[in-house]
Structures are given as structure tokens and as C-alpha cells.
Amino acid sequence: MATNERNIVLTGFMGTGKTTVGRLVAQQIGWQFVDSDDAIVERAGLSIPEIFTQHGEEVFRQIEREVCRSLAVQQAVVIATGGGMLVDAVNRQIMLDSGFVVCLMATPAAIESRLTGAEATNRPLLQHDWIALFNSRQEAYNMIPHQVDTTDKSPDEVAQEIVNLWRNA
Ligand code: S3P
């Protein structure tokens, strides 16, 4: 597969802007955009909070693994993954093999200021002590070769940075 047809895959903690920025990247390079959480919701026929309350996190992670595999075989798409998908080592390797993976980062303060109202209630894992979760995931996120700090940057600036990284890869 030509390098420029490999998927662009965004990972990083909740609130780092994967979906917003992913859409902008897709627009800029003329590719389709897909959000892994939308694919999970479609597959389950339930919202993310409903999956967690009715079936529990393990069922959510199982559907997430299936969606990871199905998205990885696509070509020339920009994929925003849910913040936990690439914490799983198998999922991470699948996406690293499938595309150009970029990890978006932000400080906890920036994340907190972005995730208010519906943005927070739609994310079951933000209902508890998410700082501990944030800290526990850093090792996995650090394994992603390309990192972009989004703190104090606009979505357009972050999208441009990703496109530049990808073009120069
Ligand atoms: C999760 C992140 C969410 C969603 C689910 C679990 C996580 O996606 O997949 O609530 O484990 O970090 P976003 O990162 O798009 O908020």
C-alpha cells in the first residue's frame, strides 16, 4: 500500500480533540472521517453510556476490539479512536500496522475545561477519578511514535501539525 493511502489514526485521552481535529484533517486532505465510538454505537444499537450501564465496560471493550479490526482494514480514512482503544496492546499494534498513528496530548487542566456538560455526561469514565486513569495510561500513549501537544492550540493548528507530520513521514 502506498504510504499516502495508509489510514491516519488519532489516539489520546478523552478531551484531547481527536474527533474535532480528525474531521479537520479529513477535510483538508479530502479523505473520509470515521469515529470509532460512532461505529461502536452503530454496532451495539445503544449509546456509549447505555452500553456501560446495561452491559458493563468489558462488553464495551469487546465491541471496541471488533471495531478496531474492522477499521484497520480500511484505506485512506482518518480514524478518531476512543481514548481507551489503543491502550490495549493488541489494538495498538493493529493500528500501528494499519496506519500513521498520532497521539494527541493535553494537560489535565485543559482536558477538564473542554469536557463540560454533555461532553462529560456522555463519557462514563469521567464520572469517577479520571486523573488516576489519565496517569495510568501515559505509558501506553507514550508508545505511539508521533505525539502532538494540543494544550493552548486551536483545533485548526493541531490539524495542520498532524497533516505536516504525515506529509513529511
Ligand atoms: C473512553 C473514551 C471515549 C469512549 C468511552 C471510553 C476511554 O472516547 O470510547 O467513553 O476509555 O478513554 P473519547 O476518547 O472519544 O471520549
Side-chain angles (χ1 to χ4, degrees), residues 7-27 32-72 74 77-96 98-99 101-144 146-151 153 155 158-159 162:
N7 298 328
I8 296 177
V9 182
L10 303 184
T11 184
F13 200 72
M14 294 172 270
T16 52
K18 303 178 293 287
T19 301
T20 307
V21 166
R23 277 187 211 286
L24 293 171
V25 170
Q27 270 170 23
Q32 294 243 338
F33 170 76
V34 46
D35 186 295
S36 70
D37 284 337
D38 291 344
I40 291 171
V41 167
E42 197 176 312
R43 202 172 269 236
L46 295 169
S47 69
I48 304 281
E50 283 168 346
I51 302 170
F52 272 75
T53 11
Q54 294 179 25
H55 301 287
E57 183 172 351
E58 197 29 62
V59 168
F60 173 81
R61 295 298 169 202
Q62 183 51 44
I63 306 171
E64 187 174 58
R65 280 191 282 274
E66 292 163 17
V67 163
C68 179
R69 284 183 164 73
S70 71
L71 294 180
Q74 298 198 25
V77 285
V78 178
I79 304 169
T81 62
M85 182 185 272
L86 301 200
V87 174
D88 177 278
V90 175
N91 288 346
R92 190 166 59 243
Q93 196 54 53
I94 288 171
M95 283 308 191
L96 286 169
S98 129
V101 185
V102 180
C103 182
L104 303 188
M105 298 171 300
T107 60
I111 288 170
E112 186 138 17
S113 72
R114 291 172 192 170
L115 297 179
T116 54
E119 292 289 341
T121 46
N122 286 334
R123 291 174 165 93
L125 297 178
L126 287 183
Q127 309 312 315
H128 310 287
D129 176 14
W130 62 266
I131 296 285
L133 184 68
F134 175 89
N135 288 332
S136 72
R137 287 184 173 176
Q138 295 312 306
E139 193 181 341
Y141 292 144
N142 286 340
M143 288 182 198
I144 306 298
H146 303 283
Q147 307 269 332
V148 171
D149 191 355
T150 70
T151 311
K153 286 181 196 153
V158 177
I162 294 167

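Any value given below was found using the heavy atoms of this structure, including those in side chains, with hydrogens, waters and symmetry copies removed. Both counts, for ligands and for their atoms, begin at 1 and track the order of listing.
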* Asked: Heavy atoms only: which of K18, R61, M85 is nearest to atom 11 (O) of ligand 1?
  -> R61
* Partner set under side chain to side chain contact (heavy atoms under 4.5 Å, CB included) for R69, not counting sequence neighbours -> R65, V90, I94
* So how far is it from I79 CD1 to N7 CG, rounded to the nearest 0.5 Å? -> 4.0 Å
* For the residue pair F13 and Y141, does the interplanar ring angle fall in the parallel (under 30°), tilted (30 to 60°) or perpendicular (over 60°) class? -> perpendicular
* Salt bridge check: are R61 and E58 linked by an N-O gap of less than 4.0 Å? -> no
* **Per-atom contacts of ligand 1 with G82, taking only distances under 4.0 Å to non-hydrogen atoms** => 8 (O), 9 (O), 14 (O)
* To do: Give a yes/no on ligand 1: does D37 have at least one heavy atom closer than 4.0 angstrom to it?
  => yes
* Could you list the atoms of ligand 1 found under 4.0 angstrom from a heavy atom of P124? => 10 (O)
* Asked: Is G12 in polar range of ligand 1, meaning some N or O pair under 3.5 Å apart?
  -> no
* Would you mind running through ligand 1 and noting each atom that sits below 4.0 Å from a heavy atom of R137? => 7 (C), 11 (O), 12 (O)
* Would you mind checking which non-hydrogen protein atom is closest to atom 16 (O) of ligand 1, with the distance to 0.1 Å? => R123 NE, 2.6 Å
* Asked: Which protein heavy atom lies closest to atom 5 (C) of ligand 1, and at what distance to 0.1 Å?
  -> F60 CZ, 3.7 Å
* **Sub-3.5 Å N/O-N/O distance, G83 and ligand 1** => yes
* Polar proximity ligand 1 side, N122 side, N/O cut 3.5 Å exclusive -> no
* How far apart are the closest heavy atoms of Q74 and V77, and which atoms are they? -> OE1-CG1, 3.6 Å
* Asked: Side chain, backbone, both or neither: which part of L133 comes within less than 4.0 Å of ligand 1 when only heavy atoms are counted?
  -> neither
* **D35 side-chain N/O to T19 backbone N/O, donor-acceptor pair under 3.5 Å** => no
* Side chain T150, main chain L104, donor-acceptor under 3.5 Å -> no
* Salt bridge present between E66 and R43 (N-O < 4.0 angstrom) -> yes
